[in-house]
Structure formats: structure tokens, C-alpha cells
Amino acid sequence: MIPAPTHAAPDLLLAPAETARLRPTWICARRLAFVVPALGLPLLATGLAAVLTVGTPAVLRIPLLLLLFANLLFLGVTGVPGVLGALARLFRRTRLVAAAPGGASRTAVLFPVYNEDPQAVFAAVEVMARALIDQKIDRTDIFVLSDTRDAGMSVDEAASFARVHKLFGDRVRYRRRPDNARRKVGNIAEFCSVWSGAYEYMVVLDADSLMSAETIASMIGLMDANPRTGLIQTVPYAVGRETLFARIQQFAARLYTPLLVDGLAFWQQDDSNYWGHNAIIRIAPFVEHCALPVLPGKEPFGGEILCHDVVEAGLMRRGGWQVWMLPSLGQSYEALPANMVDFAQRERRWCQGNLQHLGVLPMHGLRPVGRYHMALGVLNYLSGPLLFAFTALALLDALLGGEFVARLLGTPGLASAGFVLLTFLLLYAAKLCSLGMALADDETAALFGGRVRLLASALLEQASAMASAPVLLMFYTRFILMMVLGRSVQWDAQPRDDRGVAWGEAFHRMRMPALTGLVWLGVALTAGGTVLGWSASLLPGLLLAIPYSVLTSQRSLGLVARRWGLFLTEDEVAPPAILRAYNRAMASETTAATLGGGHPQFGYLHAAAKPENS
């Protein structure tokens, strides 16, 4: 992780006297520092494009310019925060934050699970419970809230709970709902309805989450010290997967996320977002303000909201409570899908959940930044059809003898050079800032395996991103088309192991991107060399979608990359105690041997008891 400067910043949550927001003028200045380049650079680039393409017929030119601006705008709003984060660090506007618990509050650590591997879940529960006790973080209990429908898994869950409960007593509790109404939202809501009188805060995790006791203590202390704070979001980093695909994603997150989230925290302040897990929430305002609406109409656009987190953050802010993201609260972890196929399947559910937010945006009382978070989620998935619509129109223009893209990229003079430079900056400035700052610092570079391996890994990650991006964008286009046709996503458990993808499955899942690439290649060859040249950044990813999804899913190739020192992260080079303990627990034959017995109702009856008030 890129080390944070040590000078204090006046706007972070540190003590009761410093809970006030920055002065409105300073908040306005910070938000302008984000909005002006995020909006202005795409506008300037589009203006240059308009000058360069005067000869294109208006019937194609105007839609092409509008689509170009929409695509550049998405690059702006997602890329500028990384540059802001770099500037914030250079000017020492970030720092590490910590606070000790006040001692009076009680906190529940929640693991909502749905058909998950009990060994992995209860290994995390065990190491976190032991860490909380060792660090003397009292008045903090762990709850495993099961929505599991699989009978065999429920038996294993109960047996695993019985073992852990024997070790820690009522510091660990378990409840399995008889039904999974409203999914995770209903699971958390049911916990709050029973236990809200017993706990001030809840740390919400996912089934694959892991968090150190020190981080939990800091979050509790910050909530104690800041009574108007309703939610604090940490930054969970992906760990634990060993396929080549997952290792590349884990490396990219460790390299590029720190500056991104520093930039987001810099301008969002107490209007930050909630990502649904690895966060602490004040229960009373959550219960009062964050009940989710049921959208009018049928799924996929109506009904129950799938992506609840960003809406809950907006409702918390609407109720007058602060929502912070604190990037410097480290040792917060999650797991990623191990291959491209499972990654795309997870995106399918998120796509529907985010597009449902179109029905939430008009809700009365939401703050502007809260509406922005929802709109950005929508734009993220619209980026697929927007890019492919632009590409299709540009190809049509070329086939009709037009030169829209050729003039953008090949016209001599400052206008074309300026357009190319602005587009390059929107695409890569944030990544270059992260890579440059990591290379410049000896300690940080060492945590990525050294400067040579870091640079090699970054170059290979960029090649992988260029291969996967057009495939994902095509999937987004397909997902949205399915929603328009009324097809809703199924709610299934996520695969969380190092699963490889067979060639048959890859062909079935990736045949449309590959076929699209072949058709596109044929059209580009027909249109001439110029079109083929500007298609070169997207075509290889589509044409190689099938072998890419198979090869990058191989754990053996991931292990080879690790032996060569590629895609290393600090979580491997210098793992903290919580990760080492979790890895030992997962590898323990004792842990594995205890699974598979017990009564499936034991834990449910235990946790259904009346909450304690002490």
C-alpha cells in the first residue's frame, strides 16, 4: 500500500471537537476540483472532435459527438479521483486515522451468508473472534446470519458453529432464517428488529470478508467520537485467490485503488458511499431512515432493490447523518471471482441492481452527491452500450465513405494532437500517477516485488485490461438488452473458489463476444486500413475472449506468475497477522475434520433467544 503522509488533515474524523464538516466554501472548492476536470476535459475533447469532423454529415456527426462525449465523461468521472488522490497525498491532505473505543458501546459483527462454504466462513469467524479477545475489544460479538437453503450446507454450518461456540461462548452466535425473504436486506433487517436494543453499532461483512481487530476497534472508536456519523466505509482489498485472472485483479486493486479512494474521500467528505460490506453502521439511524422502498412495476426494473448499499447511504444522508469513507483504515479484505466467467455473472446481478436506481433517483430529499452515486452506477453499466453504439456508428460512417474517426486521429495539427492527448489522459492519468508514486518509493515498490517486477506486472495488467474490457462492455450491453426484454436475474450464491473454466464452458459463455469480433474484423478489413488501425485496441480482446477466459482461469498459471514475482501485493509479501491466522485456519486439518455433523437447528434456536440488555 502506498504509505500515507504523516501530517494531520483538518477534515478527517479524529475527535469530538473535529466532527464538524469543513466550511461550505472549502467543500465547494473540493467538489469543483473534481467536477471541473471531470466534466471540462470531456467537453474540451468533444469540442476539438467537433472542429475536426466538420465534413461529416450531420445525421451521423451529431450522434457520434454525443456518444463520444458520453464515453469520455465516464472516463472523466472515474479517472479524475485518482489524480486528485495523488495531489492530496503530494500536498499532505491525507493521513492515517485511529481511535480507541470509548468502552460504553456494544457492537455486533455480522456475517450474512447464503449457501456459502461453512469452512471458509467459520475460519474467518474463528480468527476474528480470537483476535477481538486477544486485543481485549470487549462488548463486541459476532453473528453468522444464515439464509442458506441447501440442507447439507445448513447441517455443516450448525456443526461448525457448535465447534466455534464451544471455543468462544456467546461471543459468537448463529441464526438460520426459515426463509430468505428480501435476501441480504431482509437478513440484516431481521437482525436489527431483534437485536437493535442490544447494540449501538453493526459491522456488516460479506461471507468472504475478513477484518482485523485493530480495524474494528478503530471504527468503533471513531463512531464513539463522532456522534453524528451514521456509517464509516473501509476499503476492502481482494486477497486469497490464486488463478491468473484473480491475481491480476488483486494486483490492480492494490496498485490503483489507494489513490482512487483518497481522491473520492477528498471531495465527497461526509457524503461518501456505502459498498454493502466491510463498514460500520450506527444501528438506530439505520433502522429509522434506511428502510428500502419497493419500486413500482415488475422486475427487472421494479420490485425489490437488489443493490441496496448506495440507496441506504443516500437515505442515511437524507436523514441528516454523516457517511464517511476512510481509506486509511487498513486490514479490511474480501475475495474476488476467480475467473472471467464468474466475474461477468456477478456483474449481471449488479447491472440489474444499479439500473433499478433509475427509479430511486427522483426520490424526495436525497442529497445531490447521493444522486450522483446512483447515477454513476447507472452510467457504469451504460458504458457498454454507449461504446458499442459509438463503434457501430463509426463503422457505418466508414463504410459510407466517411472519415469521422480517421480525422480525429490522423488530421495534422494541434487540434488532433490535443484530442489524442486529452483522451490519453482521461484513460491513463490516474494509473500513471499510482504507478509513478509506487515506483518512486522504495518501501512501496518492495511490497510489489521490486521496481522491475512492479513495472512488468503493471504492463501485463494493462494488456489484460485491454483484453477483458471490450468483453465486459459487450456483456453489459447484453445485460441491459435482457432487462429491456423483461428478463430478471436469478439470485444464486457466488462461486468463491479457484474454479477453472473448461473450453466448452468458455465457448458457451464467450461465443458472442468472439463472433462480434469476427464480424467487426470483417467490416474493418472491408472499410480499409484506417478503420482497422483504430479498431486495434478493442478487436483482440473480443477475438481472444474464449482462450483468454480459459487460460486466465488456471490456478497453475497464477502460481507460475507468483514464482516469477509477478502480480505480487503487500498481502502476500508482508501479510498482517489476521491474514496469516486465516490461512492457517483454512489449512488446518482439524478445522476441516470437524465439519459435517451436528443438528441443523441448534444454532437457530440459540440465536433466537431474547437479546441481552447488559
Given side chains that start at C-beta, do those of [X] and [Y] come closer than 4.5 Å, heavy atoms only?
X      : Y      : result
Phe390 : Leu64  : yes
Met325 : Leu264 : yes
Tyr274 : Val311 : no
Val54  : Arg407 : no
Trp503 : Pro547 : yes
Ile480 : Leu382 : yes
Pro236 : Met211 : no
Leu295 : Val360 : yes

Would Tyr548 and Met510 count as a side-chain contact (heavy atoms from CB on, under 4.5 Å) if you check the C-alpha gap in whole Å, the side-chain angles of each, and the deciding distance to 0.1 Å? CA-CA 10 Å; Tyr548 174 86; Met510 300 291 170; over 6 Å; no
Nearest-0.5 Å distance, [atom1] of residue [X] to [atom2] of residue [Y]:
X      : Y      : atom1 : atom2 : answer
Leu361 : Gln356 : CG    : CD    : 12.5 Å
Arg511 : Leu518 : CZ    : CG    : 14.0 Å
Ile305 : Glu299 : CD1   : CD    : 11.5 Å
Thr243 : Met340 : OG1   : CE    : 12.5 Å
Glu347 : Cys351 : CD    : SG    : 8.5 Å
Asn339 : Arg241 : CG    : CZ    : 11.0 Å

For the backbone of [Y] and the side chain of [X], can you confirm whether one donor and one acceptor N or O come within less than 3.5 Å of each other?
X      : Y      : value
Asp571 : Val239 : no
Ser209 : Leu205 : no
Ser553 : Val550 : yes
Asp206 : Asp208 : no
Thr477 : Leu473 : yes
His357 : Val310 : no
Asp498 : Glu242 : yes
Ser272 : Gln268 : no
Ser383 : Asn380 : yes
Thr148 : Met153 : no

Looking at every heavy atom in both [X] and [Y], which two are closest together, and how far apart are they?
X      : Y      : answer
Leu355 : Met483 : CB-CE, 3.8 Å
Pro63  : Leu393 : CB-CD1, 3.8 Å
Gly418 : Leu48  : C-CD1, 3.7 Å
Asp342 : Arg499 : OD1-NH2, 2.8 Å
Gly410 : Ser416 : N-OG, 4.0 Å
Gly276 : His308 : CA-CE1, 4.4 Å

Over 12 non-hydrogen atoms of neighbours within 6.0 angstrom of CG in Leu414: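 Not buried by this count: 12 neighbours or fewer within 6.0 Å.
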Would one find more than 12 heavy atoms of other residues, nucleotides or ligands at under 6.0 Å from atom CZ of Arg487?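 Open.
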What's the verdict on ring pair (Phe, Tyr, Trp, His ring centres under 6.0 Å) for Phe479 and Tyr381, showing C-alpha distance, side-chain angles and the deciding distance? CA-CA 9 Å; Phe479 295 159; Tyr381 290 96; 7.9 Å; no
Verdict with supporting geometry, Asn273 and Gln233, side-chain contact (heavy atoms from CB on, under 4.5 Å): CA-CA 8 Å; Asn273 205 354; Gln233 174 69 61; over 6 Å; no
Using atom types as modelled, flag every donor-acceptor pair under 3.5 Å from a side chain in residues 447-463 to any protein atom, sequence neighbours excluded.
| residue | atom | partner | partner atom | Å |
| --- | --- | --- | --- | --- |
| Arg451 | NE | Leu439 | O | 2.6 |
| Arg451 | NH1 | Asp442 | OD1 | 3.1 |
| Arg451 | NH2 | Leu439 | O | 3.1 |
| Arg451 | NH2 | Asp442 | OD1 | 2.4 |
| Arg453 | NE | Trp564 | O | 3.3 |
| Arg453 | NH1 | Gly449 | O | 3.4 |
| Ser457 | OG | Arg453 | O | 2.8 |
| Ser457 | OG | Phe567 | N | 2.9 |
| Glu461 | OE1 | Tyr256 | OH | 3.4 |
| Glu461 | OE1 | Lys431 | NZ | 3.3 |
| Gln462 | OE1 | Lys431 | NZ | 3.0 |
| Gln462 | NE2 | Tyr428 | OH | 3.2 |

Electrostatic pair Asp147-Lys184, nearest N-O below 4.0 angstrom: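 Salt bridge absent between Asp147 and Lys184.
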Distance-only donor-acceptor check, side chains Asn278 and Thr234, under 3.5 Å: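 Looking only at side-chain atoms, Thr234 and Asn278 do not form any donor-acceptor pair under 3.5 Å.
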Under 3.5 Å, is there a donor-acceptor pair between the Ser488 and Gln352 side chains?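 A pair is found: one side chain offers a donor N or O, the other an acceptor, under 3.5 Å apart.
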Passes side-chain contact (heavy atoms from CB on, under 4.5 Å), Met482 versus Arg478? Steps please. CA-CA 6 Å; Met482 291 169 67; Arg478 177 171 171 259; 4.0 Å; yes
Name the one of Arg247, Gln250, Arg254 that satisfies side chain to side chain donor-acceptor pair (under 3.5 Å) with Glu572?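 Checked Arg247, Gln250, Arg254 against Glu572; only one passes side chain to side chain donor-acceptor pair (under 3.5 Å): Arg247.
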Identify every side-chain donor-acceptor pair in residues 533-541 under 3.5 Å, counting partners at least two apart or on other chains, and give the distances.
| residue | atom | partner | partner atom | Å |
| --- | --- | --- | --- | --- |
| Ser535 | OG | Trp520 | NE1 | 3.1 |
| Ser535 | OG | Val531 | O | 2.8 |

Pairs under 3.5 angstrom only: tabulate donor-acceptor contacts from the side chains of residues 65-78 to other protein residues two or more places apart or in another chain.
| residue | atom | partner | partner atom | Å |
| --- | --- | --- | --- | --- |
| Asn71 | OD1 | Leu387 | N | 3.4 |
| Asn71 | ND2 | Leu67 | O | 2.7 |
| Asn71 | ND2 | Leu386 | O | 3.4 |
| Thr78 | OG1 | Phe74 | O | 2.7 |
| Thr78 | OG1 | Leu75 | O | 3.4 |

After noting the C-alpha distance and the side-chain angles of Tyr237 and Tyr333, does the key distance pass the ring pair (Phe, Tyr, Trp, His ring centres under 6.0 Å) rule? CA-CA 5 Å; Tyr237 287 97; Tyr333 303 104; 7.7 Å; no
Run the side-chain contact (heavy atoms from CB on, under 4.5 Å) check on Glu505 and Val341 step by step: do they pass? CA-CA 9 Å; Glu505 181 183 6; Val341 170; 3.6 Å; yes
Determine the interplanar angle of the His373 and Trp267 rings, folded into 0 to 90°, and report it as parallel if under 30°, tilted if 30 to 60°, perpendicular if over 60°.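 The rings of His373 and Trp267 sit tilted, inter-plane angle from 30° to 60°.
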